[in-house]
Amino acid sequence: MLSKSQISLLKSLQHKKFRKEHGLFLVEGYKSVVEFVNAAYQVDAIYHTSEIAPKMMNLSRKINFQEISLTDLEKISSLKTPQDVIGLIKIPKWPRLNYNLLKNKFSLVLDGVQDPGNMGTIIRTADWFGITDIICSDDTVDVYNPKVVQATMGSLARVNVHYGDLTTILPEIKLPLFGAMLDGENIYSTNFGYEGLLAMGNEGNGLRPEIQQLINKKVTIPRIGYAESLNVAIATAILCSEIKRKSFK
C-alpha cells in the first residue's frame with residue numbers, strides 16, 4: 001500500500017515542474033517499462049498489481065518492486081484505464097551534445113513541436129528508422145511528459161533527446177540542414193546525401209524565421225490532393241522514410 005506522501009509525489013510527476021525538481025518521471029505498461037530496464041536508464045522503483053507479479057520475476061532483482069492495489073494504481077496513473085505496471089525512472093543527466101557524433105548519419109531537429117502525441121510518435125518513428133538523436137528547441141514539449149512517454153511505446157529508451165537554443169546550436173553543427181517547408185524542393189527528387197539534420201516545425205506555424213535562415217535546403221512532400229497540411233509526425237515519418245530509402249541505393 002502506498003503512503004499519502006508517495007501518492008502525492010507520484011501524482012506530481014505529471015507536471016514538468018515537479019519532474020525537474022525530483023529528477024524523476026513515470027513509464028506505464030509492462031513492455032515500455034522493460035525497455036527502460038534494459039536500457040541505460042536507472043529505475044528507481046516499479047509499482048505493480050498482484051495479477052502481474054509473476055512477470056516481475058523476469059526483471060532484475062536489484063530493482064525496488066512494490067506490489068500495490070488497483071485503487072492505488074489508479075491514483076498515480078495518468079491514464080483513464082491504467083495498466084498493471086508503472087515504472088519510476090530517474091531522468092538522466094545527459095552530457096553536452098557532442099556534434100562530432102552526429103556525423104555520417106541523419107538526426108532530427110524539432111522547432112516548437114507542442115503536441116505530446118506528435119512528439120512521442122516522432123520519437124518512435126526515429127527509433128524505427130535508426131535515428132538516435134533529436135535536437136529540440138527549448139519550447140518543444142517536455143520529452144518526459146507522461147503523454148509523450150506513453151506515445152513512444154518504449155522507444156524513448158533508445159533515442160537521445162536534447163534541448164537548447166537552436167539558433168546557437170545549429171550553426172555549430174557543420175552538417176547540411178534540411179528544413180520541411182511548403183515551398184521546398186520535392187523530396188522525391190532531392191539528393192539528401194549521407195548525413196545531415198532534418199528540421200520540422202511547429203504544428204501551426206512551421207519553422208520560425210530565424211531557423212529558416214539557417215536552412216541549407218528547403219524540402220517538401222508534394223501534395224497530390226487537397227488537404228491543407230500534413231500532421232508533423234506523419235510528415236516526419238514520410239521524410240525519414242525517403243531519406244533512408246535513398247541511403248540504401
Side-chain angles (χ1 to χ4, degrees), residues 1-60 63-92 110 113-128 134 136 139-161 163 203 231-234 236-237:
M1 183 175 179
L2 294 175
S3 66
K4 288 184 179 180
S5 62
Q6 284 179 301
I7 291 173
S8 177
L9 168 63
L10 295 169
K11 287 179 68 175
S12 76
L13 298 180
Q14 295 183 28
H15 304 282
K16 182 178 179 179
K17 172 185 175 181
F18 297 107
R19 290 195 296 272
K20 187 175 181 180
E21 179 181 327
H22 297 289
L24 298 165
F25 70 101
L26 298 178
V27 178
E28 303 198 39
Y30 179 76
K31 289 184 178 179
S32 292
V33 169
V34 169
E35 297 282 11
F36 285 91
V37 170
N38 293 333
Y41 282 78
Q42 187 174 344
V43 181
D44 193 79
I46 292 179
Y47 306 95
H48 63 90
T49 60
S50 58
E51 286 79 3
I52 204 168
K55 278 193 173 182
M56 297 299 101
M57 299 298 294
N58 298 326
L59 304 180
S60 170
I63 296 173
N64 174 25
F65 294 96
Q66 291 192 42
E67 187 174 310
I68 62 175
S69 67
L70 181 58
T71 300
D72 279 349
L73 193 74
E74 290 172 344
K75 289 178 181 177
I76 64 175
S77 174
S78 63
L79 304 176
K80 290 183 179 179
T81 305
Q83 301 195 41
D84 289 333
V85 180
I86 295 180
L88 180 62
I89 314 293
K90 289 192 176 181
I91 295 176
L110 303 183
V113 172
Q114 296 293 307
D115 183 78
N118 283 339
M119 181 68 169
T121 301
I122 288 171
I123 292 170
R124 192 176 178 188
T125 298
D127 186 28
W128 178 267
I134 300 177
C136 304
D139 61 345
T140 293
V141 63
D142 179 29
V143 70
Y144 300 113
N145 177 304
K147 291 181 180 179
V148 175
V149 176
Q150 192 67 25
T152 72
M153 297 294 288
S155 286
L156 178 56
R158 290 179 293 273
V159 178
N160 306 316
V161 182
Y163 286 83
E203 289 87 348
N231 171 280
V232 65
I234 296 296
T236 302

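One is the number of the first residue; the rest follow in order along the sequence.
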So, the side chain of Ser8 versus the backbone of Ser5: is there a donor-acceptor pair under 3.5 Å, distance only? no
Working to the nearest 0.5 angstrom, can you tell me the gap between Lys31 NZ and Gln83 CD? 10.0 Å
Supply the atom-to-atom distance Glu74 CD to Ser69 OG, rounded to the nearest 0.5 angstrom. 8.5 Å
If you round to the nearest 0.5 Å, how far is CD1 of Ile52 from OH of Tyr30? 7.0 Å
I need the minimum non-hydrogen distance between Ile76 and Gln14, along with the two atoms involved. O-NE2, 3.9 Å
Closest heavy-atom contact between Glu67 and Ser50? OE2-CB, 3.2 Å
Which one of Tyr163, Phe25, Phe36 satisfies the ring pair (Phe, Tyr, Trp, His ring centres under 6.0 Å) criterion with Tyr144? Phe25
The reported gap from CG in Leu13 to NE2 in His15 (rounded to nearest 0.5 angstrom) is 9.5 Å
With heavy-atom distances below 4.5 Å as the criterion, would you say the side chains of Met119 and Gln114 are in contact? no
If you take all heavy atoms of Val148 and Ile123, which pair is closest and at what distance? CG1-CD1, 4.1 Å
Flag if over 12 foreign heavy atoms under 6.0 Å of CD, Gln42: no
Please find the pair of heavy atoms, one from Ile91 and one from Arg19, that lie closest to each other, and give the distance. CD1-O, 3.6 Å
For residues Thr121 and Asn118, determine if any side-chain heavy atom of one lies less than 4.5 Å from a side-chain heavy atom of the other. no
Might you work through the side-chain contact (heavy atoms from CB on, under 4.5 Å) test for Ile89 and Asp44, ending with a clear yes or no? CA-CA 5 Å; Ile89 314 293; Asp44 193 79; over 6 Å; no
NZ of Lys11 to CG of Leu26: how many Å apart, nearest 0.5 Å? 12.5 Å
Nearest 0.5 Å, please: how far is CD1 in Ile234 from CD1 in Ile122? 10.0 Å
So, for Ile46 and Met56, which heavy atoms are closest and what is the spacing to 0.1 Å? CG2-SD, 4.0 Å
Got Tyr47 and Val85 here, is their nearest side-chain heavy-atom distance under 4.5 Å? no
Just so I know, are the side chains of Arg158 and Asp127 near enough to count as touching, which here means a heavy-atom distance under 4.5 Å? yes
Are any non-hydrogen side-chain atoms of Lys90 and Leu24 less than 4.5 angstrom apart? yes
After noting the C-alpha distance and the side-chain angles of Lys17 and His22, does the key distance pass the side-chain contact (heavy atoms from CB on, under 4.5 Å) rule? CA-CA 9 Å; Lys17 172 185 175 181; His22 297 289; over 6 Å; no
Which pair of heavy atoms, one from Arg124 and one from Ala151, lies closest together, and at what distance? CD-O, 3.9 Å
Evaluation steps, side-chain contact (heavy atoms from CB on, under 4.5 Å), between Leu59 and Phe65: CA-CA 10 Å; Leu59 304 180; Phe65 294 96; 3.9 Å; yes
Any heavy-atom pair between the side chains of Ile134 and Val143 that's under 4.5 Å? no
Pairwise side-chain contact, Ile86 with Val33, heavy-atom cut-off 4.5 Å (strictly under): no
Ignoring hydrogens and geometry beyond distance, is a side-chain donor-acceptor pair present between Glu28 and Ser77 at under 3.5 Å? yes
Salt bridge or not between Asp142 and Lys16? Use side-chain N to carboxylate O under 4.0 Å. no
CE (Met153) with more than 12 external heavy atoms under 6.0 Å: no
Mind running side-chain contact (heavy atoms from CB on, under 4.5 Å) on Cys136 and Val113 for me, showing each step along the way? CA-CA 8 Å; Cys136 304; Val113 172; over 6 Å; no
